[in-house]
Amino acid sequence: MPDTILVTGGAGFIGSHTCKALRRAGYRPVSFDNLSTGHADAVRFGPLVQGDVRDPRAVEAALRAHDARAVIHFAASAYVGESMADPAKYYDNNVGGMIGLVQGCRAAGVSRIVFSSSCATYGTPDRLPIRETTPQRPINPYGRTKLIGEEILRDLAVEGMRHVALRYFNAAGADPEGELGERHDPETHLLPLALRAASGQDGPLAIFGTDYPTPDGTCIRDYIHVADLARAHVLALGRLMAGGESLAVNLGTGRGQSVREIVAAIERITGRAVPVRLEARRPGDPAELVADPALAAAELGFRTRISDIASIVRHAAPRFGLEPARVEAA
Ligand code: UFG
């Protein structure tokens, strides 16, 4: 019998790709999602339980009904801008959600949690690349709720709870086999918006800020392919299933790409122009965020495989009606 894993937020972008990776690795993923932002048709690799993580009884019931051995916790609100406008929603959904989850886990006797944390917990770092020892000083409510989530899990060690907190950098791309993709509403992320602009579905892409202290003046981020991220969750879970200690690690590539470099890559790979409009900086955007990926390599054996920008664009483009013009080397 495969081990069953409860995947909260399993109908979302990273959650659905992780369910596919879990299934491939021999686990049975059960998605637990209230479908507030997730999509039921993205749940393809195991059953869907419709429920809310803020409800400990619903979490406990799902864990018991499926005899789950561990939890991977994605369910959360994830827009930095919205968190500044409506912080209460973020504390309710993300902190309230973590509290509901751990209460449900405790009641059902489940003591292993893999948690989706974020590079947003670091805020604006003093030094690059960002290591796990870099001070966590979030600059928006979203980042604070993710940091509180990590702290709750650290405190619960006293009752035998073990966890891996995965601090994602910029998740991007789509399932290489084309089964799943990124569908946020509203969409705010650079890659899908730039692909939409290239396809003509939208007007020009707004480039937020061209006066940053970076080589081309635009922000630099560390983009990691969602299928690489999904595989990191399987490794983190494996560590906990084997009795390993709690851990917090960055998930990134160690390489940064500017907004203009992303636009150029999309143009090169799809053969289509990305019309752009230069705009002022977006509030709360740090100039540069790049991970030091060494700890994830040492502790989880995790290395990205397909997080080069060409693969990310090639895999995401068909969902926007764009065919990669030619296969580019990484
Ligand atoms: N950008 C544009 N135009 C757009 C959208 C984005 O120029 O229309 C720029 C942003 O200013 C930023 C870069 O593209 O410099 C990437 O922006 P995204 O919105 O795609 O991603 P963020 O880096 O803002 O956000 C990501 C995650 C969050 C996480 C955050 C940490 O999506 O969950 O990193 O800073 F909190």
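Order of appearance sets the numbers: ligands from 1, and atoms from 1 within every ligand. It should be emphasised that the depicted structure is a prediction, and the values quoted were computed from it without experimental measurement.
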(request) With Thr121 as reference, evaluate Gln136, Arg137, Arg144 under the side chain to side chain contact (heavy atoms under 4.5 Å, CB included) test and give the passing residue. (result) Gln136
(request) Number the atoms of ligand 1 from 1 as they appear, then name those within less than 4.0 Å of a heavy atom of Ile207, with their elements. (result) 7 (O)
(request) Mind listing the closest non-hydrogen atom pair of Ala194 and Ile266 along with its distance? (result) CB-CD1, 3.4 Å
(request) Applying ring pair (Phe, Tyr, Trp, His ring centres under 6.0 Å), run through Tyr27 and His233 and close with a yes or a no. (result) CA-CA 12 Å; Tyr27 293 102; His233 290 74; over 10 Å; no
(message) Quick check on contacts: which atoms of ligand 1 are under 4.0 angstrom from a heavy atom of Leu205?
(response) 8 (O)
(message) Taking Ile224 as the starting point, is it possible to reach Val249 by hopping between hydrophobic residues whose side chains are less than 4.5 Å apart?
(response) yes
(message) Please check whether Leu193 reaches ligand 1 - meaning an N/O of the residue sits under 3.5 Å from an N/O of the ligand, judged on distance alone.
(response) no
(request) Quick one: look at Ala171 and ligand 1, take heavy-atom pairs under 4.0 Å, and tell me if it's side chain, backbone, both or neither. (result) neither
(request) Show the numbers, then the answer: is there a salt bridge (charged side-chain N to carboxylate O under 4.0 Å, His left out) between Lys20 and Glu177? (result) CA-CA 11 Å; Lys20 180 168 181 172; Glu177 286 150 13; 2.5 Å; yes
(message) Show me which atoms of ligand 1 lie under 4.0 Å from any heavy atom of Leu289.
(response) 35 (O)
(request) Using a strict 4.0 Å cut-off to heavy atoms of Cys219, name the atoms of ligand 1 that fall inside it. (result) 15 (O)
(request) May I ask you to identify the nearest protein heavy atom to atom 13 (C) of ligand 1, giving residue, atom name and distance to one decimal place in Å? (result) Tyr223 OH, 3.8 Å
(request) Could you tell me whether Arg255 and Asp222 have a side-chain N and a carboxylate O separated by less than 4.0 Å? (result) no
(request) Indicate, as side chain, backbone, both or neither, the part of His189 found under 4.0 angstrom from ligand 1 when only non-hydrogen atoms are considered. (result) both
(request) Using a strict 4.0 Å cut-off to heavy atoms of Ala206, name the atoms of ligand 1 that fall inside it. (result) 2 (C), 3 (N), 4 (C), 7 (O), 8 (O)
(request) Report yes if some heavy atom in the side chain of Leu205 is under 4.5 Å from a heavy atom in the side chain of Pro275; otherwise report no. (result) no
(message) A side-chain contact here means heavy atoms from C-beta on lying under 4.5 Å apart; do Thr253 and Tyr223 qualify?
(response) no
(request) Could you tell me whether the side chain of Arg162 reaches within less than 4.5 Å of the side chain of Leu247, counting heavy atoms only? (result) no
(request) Among all protein heavy atoms, pick the one closest to atom 24 (O) of ligand 1 and tell me residue, atom and distance. (result) Arg282 NH2, 2.7 Å
(request) Just need the protein heavy atom nearest to atom 9 (C) of ligand 1, so name the residue and atom and give the distance. (result) Val259 CG2, 3.8 Å
(request) Start with the C-alpha distance between Leu191 and Val313, add both sets of side-chain angles, then the distance that settles side chain to side chain contact (heavy atoms under 4.5 Å, CB included), and finish with yes or no. (result) CA-CA 8 Å; Leu191 253 298; Val313 172; 4.1 Å; yes
(message) Pairing donors with acceptors under 3.5 angstrom, does anything connect the side chains of His73 and Thr8?
(response) yes
(request) For Phe13 and ligand 1, answer yes if some heavy atom of the residue is under 4.0 Å from a ligand atom, otherwise no. (result) no
(request) Among all protein heavy atoms, pick out the one at the shortest distance from atom 36 (F) of ligand 1; state its residue, atom name and that distance to 0.1 Å. (result) Tyr142 CE2, 2.9 Å
(message) Just to confirm my output: which protein heavy-atom neighbour is closest to atom 1 (N) of ligand 1, and how far is it?
(response) Phe208 CD1, 3.7 Å
(message) Is the positively charged end of Arg231 above the ring of Phe302, judged by distance under 6.0 angstrom from the centroid and angle within 45° of the axis?
(response) no
(message) Tell me the protein heavy atom at minimum distance from atom 11 (O) of ligand 1, and give that distance in Å.
(response) Asp285 OD2, 2.6 Å
(request) For ligand 1, find out whether one of its N or O atoms is nearer than 3.5 Å to an N or O atom of Ser118. (result) no
(request) Among all protein heavy atoms, pick the one closest to atom 34 (O) of ligand 1 and tell me residue, atom and distance. (result) Asn170 OD1, 3.8 Å
(message) Only heavy atoms of Val80, strictly under 4.0 Å: list the atoms of ligand 1 that pass.
(response) 36 (F)
(request) Considering the heavy atoms of Cys119, write down every atom of ligand 1 situated less than 4.0 Å from one of them. (result) 31 (C)
(message) Among all protein heavy atoms in this structure, tell me which lies nearest to atom 5 (C) of ligand 1, with the distance rounded to 0.1 Å.
(response) Thr188 O, 3.5 Å
